[in-house]
Amino acid sequence: MGDVMELTYAEALREALREEMIRDERVIILGEEVGVFGGAYKVTRGLLEEFGSKRVIDTPISEIAIVGSAIGMALGGLKPVAEIMYMDFLTICLDQLITQASKARFMSGGKLKVPMVVRTQYSLGRIHGSQHSQFFPSWFLQAPGLYLALPSNPKDAKGLLKASIRENNPILFVECGVLYRSKGEVPNEEYLTPLGKAEIRRKGEDITIVAFSRCVNEALKASEELSKEGIEAEVIDPKTLIPLDKETILSSIKKTGRLLIVSDDIKLGGIGAEISSMVVEEAFDYLDAPIIRIGAPFIPVPFSQKLEQEYMPNADKIVREVKRLW
Amino acid sequence: MGDVMELTYAEALREALREEMIRDERVIILGEEVGVFGGAYKVTRGLLEEFGSKRVIDTPISEIAIVGSAIGMALGGLKPVAEIMYMDFLTICLDQLITQASKARFMSGGKLKVPMVVRTQYSLGRIHGSQHSQFFPSWFLQAPGLYLALPSNPKDAKGLLKASIRENNPILFVECGVLYRSKGEVPNEEYLTPLGKAEIRRKGEDITIVAFSRCVNEALKASEELSKEGIEAEVIDPKTLIPLDKETILSSIKKTGRLLIVSDDIKLGGIGAEISSMVVEEAFDYLDAPIIRIGAPFIPVPFSQKLEQEYMPNADKIVREVKRLW
Amino acid sequence: MELKMIKNIEPREFEKYELNRDRLLRLYRKMLEIRRFEEKVEELFLVKGILSGPSHLYLGQEAIAVGVLSALKDEALMVTTYRCHGHALAKGIDMNLLMAELFGKSTGTCKGLGGSMHASIYPEKGSIYATAIVGSGIPIAVGLAYSLKHQGKDNLVVCFFGDGAVNTGAFHEGLNLAALWKVPLLLVCENNLYAMGTKVERALSSKSIADRAASYNIESFVVDGNDILSVYIATKKAEKLIKEGITPVFLECRTYRMKGHGVYDKAEYRPKGEVEEWLKRDPLILFEEKLISLNYINKDELKRMDEEVKREVEGSVIFAMNSPILDFEELKNHVYG
Amino acid sequence: MELKMIKNIEPREFEKYELNRDRLLRLYRKMLEIRRFEEKVEELFLVKGILSGPSHLYLGQEAIAVGVLSALKDEALMVTTYRCHGHALAKGIDMNLLMAELFGKSTGTCKGLGGSMHASIYPEKGSIYATAIVGSGIPIAVGLAYSLKHQGKDNLVVCFFGDGAVNTGAFHEGLNLAALWKVPLLLVCENNLYAMGTKVERALSSKSIADRAASYNIESFVVDGNDILSVYIATKKAEKLIKEGITPVFLECRTYRMKGHGVYDKAEYRPKGEVEEWLKRDPLILFEEKLISLNYINKDELKRMDEEVKREVEGSVIFAMNSPILDFEELKNHVYG
Ligand SMILES: Cc1ncc(C[n+]2csc(CCOP(=O)(O)OP(=O)(O)O)c2C)c(N)n1
Ligand SMILES: Cc1ncc(C[n+]2csc(CCOP(=O)(O)OP(=O)(O)O)c2C)c(N)n1
Ligand SMILES: [Mg+2]
Ligand SMILES: [Mg+2]
């Protein structure tokens, strides 16, 4: 056995949950189908058997009560990890997540803390149609008090989830459904992936590509393609949107002078909008070209697989857009 | 009696509702306290008496059912105007508004239409604290299928609401609580204010200021101040965020070379982020200076009146930021 | 409160309920269509790998969709869920269009934009809405029923949902409003004992679902959802109450999913004995036995009917396969109207 | 189901409930503190114009906060709503801090960041949370109670909310979960007959609120919320049931707002006769009469007590006025921890 093992993204998440549950008795899992069923995507499989029904709690279909009771648990000294099966279902419980959890600390004058993780996943790319494929990370930029993690690979999935569970603030942890079965190397040793620390996944001098979640892989694929044409892209994975590691992004841009942002959310008002504007504010003079954003079009997600594939950002689109700058 | 009358913003809205209810029997009002109480901010006062309880419907405190039943009414051939008392409470019913109403048309292959208006208001500036002052218009940029109106004065309040009621698509109509009692001239003749058509509220050559809702007034105040110092700002009120009148904004920028965006939402991921990025994409070469965004800080709204005032965008802040460019 | 359990009827009462041999055979055939359609869908997913994405089969619940919808008038408006293939067929939607929707083709009920979970949306046949979000259809159905009442239409809305929906905020707010507004709404809860892997009593604190519904002052009945005649009769009674009082009525139909929650779910969380017991109460077999005992049909005729239906199903697959997919450029035309 | 109405007790039973003259006078004094505090707040808004923003007075409901909280142990954890001044004082929060919070001062319970609608948040005294969103505190209280049960703590959570909250999705999901999880939770619905301008029956389809609660298999009682002894006794009984069964219990306390919904609301939607009838049942007067009839106190002593309390309230205003407002730069330090 070497220093690393191959795990799927789902397995890596499960390992994170297991390790933290072993380490800290206060960690509790709750949500729909997290117990007997093992999680809709099997992330929590086996945890009920290992930790019992006091710590792995199946709930009714009650998203309001899932997040609400998690807040109460956190206020009562536990460390809940609540699962909301699809990101779409957050539209049911945002009162609890945003109007309650994220503001509790502030409006109590700093007295309350709500150390909870809400895990969810977005299913774009899995032929789930309009109501099960939504991805709207940028909303949470308007929710001070909340952190937001977007792991792009098994290693970060594990490290970020462990770090999130140890946090003192509420965290929305958005997994990527299409990545659950993708494999990657994960260290055997215990490790934490810090929130707010971006990683340069590929070095390059010609253009900075900031990519989130699944799109990190697309950006890396595109970079290989571009490299063949002599364009060397630097690919940055911020890993968390809140907090955002502006420094890593800005210093890369100061080197490359060009920026492309790619993520699976709708381009209009998406993650890219904030990053683009931030860069214009803080590094305008370093920009040699317009910033490019790649996201989904302003259209609900179509069901048909072929149309859904056309709808999504991908390596080809990145290559095409980058080349337009040369 | 001249061609215009002086009405408050609330009165203008009431007039719009009345006129449309008289004009079209299918128009129905529903929401909490819209009837007997006359509306939390008296917008619907007198309408129950005039139109009866079949068309002005008091509901329980059930935001999910308010928006949900409005969708059903719209699908059944009525034209519901639902009121959600505070924008904050949208966090309870976004499943209905975004996951259902805004996607119904698309996911039915264009067969369903949901002609409904959801009226709400944001109360920033009224000492309402963290849970009653939220304003997050940019979220809806991720909700294709929905329109979003942000009237800044009585005249537009009336004209936009009338136009919204006649629309065939669901519309979120976000009023500004601090403006309810502010007065303005409103034409006596019937008129509609088209969605998606910006208005240049002040002409200028030196900088374009795009402002929304209450901040339009702040921008106009700031412009007078700036004018004294020889800086002539062009103030644009887009009136609707979706659809957005990009042309008016872009052609102004092509003239001024400078852009400031101001609105009451949190700057991070706010309206300004999208407009700024859009302009960078479409008019990068015309920009002579970094784009400035003014919004609220990344902090929940503090209760204390003094702190809330410091928290909010205002004319002074606009003046200060603009001057930094010269 | 005491729950009202609606029982089956004797043949001598058939006429009273507009039933006769012909009618019953048509009901049977519709159930069979659903059965064969769903079996084919399952095969297309699991054996042939032609279809993908989530899909929720109606196998085992056929008596409910057919029983309810055949008892109501054609113009009744319907709101349903992601588990909607059965409702679509029972509401008279062309099998070809339904299958094409599952294939994501432009000839589908929703032009391929909705998919399996919304495939029953087809206003042309009074099938107004299908939501993939548990519980969310209920408030929508309430508003739809309000629109009927408001416009003075002599019609009603039927809203289908599962046992899991009962625990959502949308259910609560919706039922409360329905009762306050007294809208012509038939609420049909298909209690198939499980919401995904969760047995109904693990998620429901009240004595029964009908009991919970009754707490809103809504007339509520429990029905054997595997017995089409019980469902049919219950619906007729409910319809009468709805029309007389212009008021909602609630039916809890007890039934069982023959397969997993979604097409890929093996449902290993269910005890073997329980599954076996329920499979003995297969609604098609129960009805078949009844029809045979009444001498309305014989085994040979049943076999012929089955072959006919299977051909129809095959035809729908061919129709779907041969249909085109919408052009991507067209999508933007369906966002606003 | 049959509703259980909890009745008042005779003096001979006082001891059994840990009541005696001293204790009763302290309860009275706490009610008086709330009364005078709220009257002062109203004056600061309406007459002096010193305070602004929304504020929801507790006038007329004093017997509930004091009755419930005095019956429970100090360490009981509390979740409440925007109408929270009474709960704050009854939970033992210093009046100065409460008033300072209403003034938005840094010496307030929430450093002036919460304001009137969250002013009771003060974990130091077991006052864990106060929400301005109707219904939203209920699921939070359920989770908080779960944390007690999970940690094996011999304690409970009390959650206050209004009649209007009963119609929210949060109520439904919260009560269902509370019943399923069997958490030590006292749910106290202060049914003051109105949610803003909406009379309870215009918004509630069930026979009564307690009836609705009972449909979740939660023991539910109706109490005269203007009679402090009834409230106190009911709470003692509820506490016992909660501890014995580790289970939630529901109290519907019937009461009346003396004034409008918020401080600016004139409540013209309420029939005059109704208001007059209820004002006759002012919980302070009822209790005063009882204390006098028991010879526990006389008019003069009452007057002296009142003056003392009024001085205390004046003191809190001075404290609040003299306190500073937080520096804007400090705000960002309270967003994350
Ligand atoms: C609000 C919401 N939460 C969770 C889900 C995921 N989900 C889809 S179906 C289902 C189970 C529903 O069970 P039930 O209502 O009994 O209907 P059935 O599937 O048995 O027909 C769940 C949890 C969802 N679609 N919507
Ligand atoms: C979810 C939600 N909807 C609406 C409101 C606005 N609102 C504040 S208090 C209130 C009435 C609440 O009535 P009730 O629950 O009876 O409590 P009471 O005010 O009588 O104490 C309403 C509608 C809110 N704060 N939250
Ligand atoms: Mg079920
Ligand atoms: Mg009330």
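As a basis for the values below, the full set of heavy atoms in this structure was taken, side chains included, without hydrogen atoms, waters or symmetry mates. In what follows, chains are A, B, ... by sequence order, proteins preceding strands, each numbered from 1.
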Exercise. Test salt bridge (charged side-chain N to carboxylate O under 4.0 Å, His left out) on A:Lys317 and A:Glu321 and set out the steps.
Key: CA-CA 6 Å; A:Lys317 291 183 188 177; A:Glu321 288 296 317; over 6 Å; no
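Considering only residues two or more places apart in sequence or on other chains, C:Ala141 meets the side-chain contact (heavy atoms from CB on, under 4.5 Å) condition with C:Val79, C:Val157, C:Cys159, C:Leu185. With sequence neighbours left out, the salt bridge (Lys or Arg N to Asp or Glu O under 4.0 Å) criterion links A:Glu225 to A:Lys228.
Proximity to chain C involves both the backbone and the side chain of A:Phe303, based on heavy atoms less than 4.5 angstrom apart. With a threshold of 4.5 angstrom between heavy atoms, A:His128 approaches chain C through its backbone and through its side chain. Looking at C:Ser106, there are no atoms closer than 4.5 Å to chain A (heavy atoms on both sides), in backbone or side chain. Looking at A:Gln305, only its side chain comes within 4.5 Å of chain C, counting heavy atoms on both sides. Contact annotation for C:Leu113: both backbone and side-chain heavy atoms come within less than 4.5 Å of a heavy atom of chain A. For A:Tyr311, the parts sitting under 4.5 Å from any heavy atom of chain C are the backbone and the side chain alike.
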Scan the side chains in residues 64-71 of chain A for donor-acceptor partners under 3.5 Å anywhere in the protein, sequence neighbours excluded, and list what turns up.
residue: A:Ser69; atom: OG; partner: A:Ala65; partner atom: O; Å: 2.6
residue: A:Ser69; atom: OG; partner: A:Ile66; partner atom: O; Å: 3.3

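The 12-atom threshold is exceeded at NZ of C:Lys105, counting heavy atoms of other residues, nucleotides or ligands nearer than 6.0 Å. Within a 6.0 Å sphere centred on NZ of C:Lys259, heavy atoms belonging to other residues, nucleotides or ligands number 12 at most.
Ranked by heavy-atom pairs shorter than 4.5 Å toward chain A, the options C:Ser55, C:Gly169, C:Gly104 are led by C:Gly104. Per-residue heavy-atom pair counts under 4.5 Å with chain A were compared for C:Val166, C:Val134, C:Ile133, C:Leu326, and the maximum is reached by C:Ile133.
Without hydrogens or angle criteria, A:Ser138 side chain to A:Gly269 main chain gives a donor-acceptor distance under 3.5 Å. Checked by atom type and distance alone, the side chain of A:Ser130 pairs as donor or acceptor with a backbone atom of A:Val301 at under 3.5 Å.
Between A:Lys221 and A:Glu218, at least one side-chain N (NZ, or NE/NH1/NH2) sits under 4.0 Å from a carboxylate O, which counts as a salt bridge. Between C:Glu274 and C:Lys199 there is a salt bridge, since at least one side-chain N of the basic residue sits less than 4.0 Å from a carboxylate O of the acidic one.
Using a 4.5 Å heavy-atom cut-off against chain A, the contacting residues of residues 329-337 of chain C are C:Leu331, C:Lys332, C:Val335, C:Tyr336.
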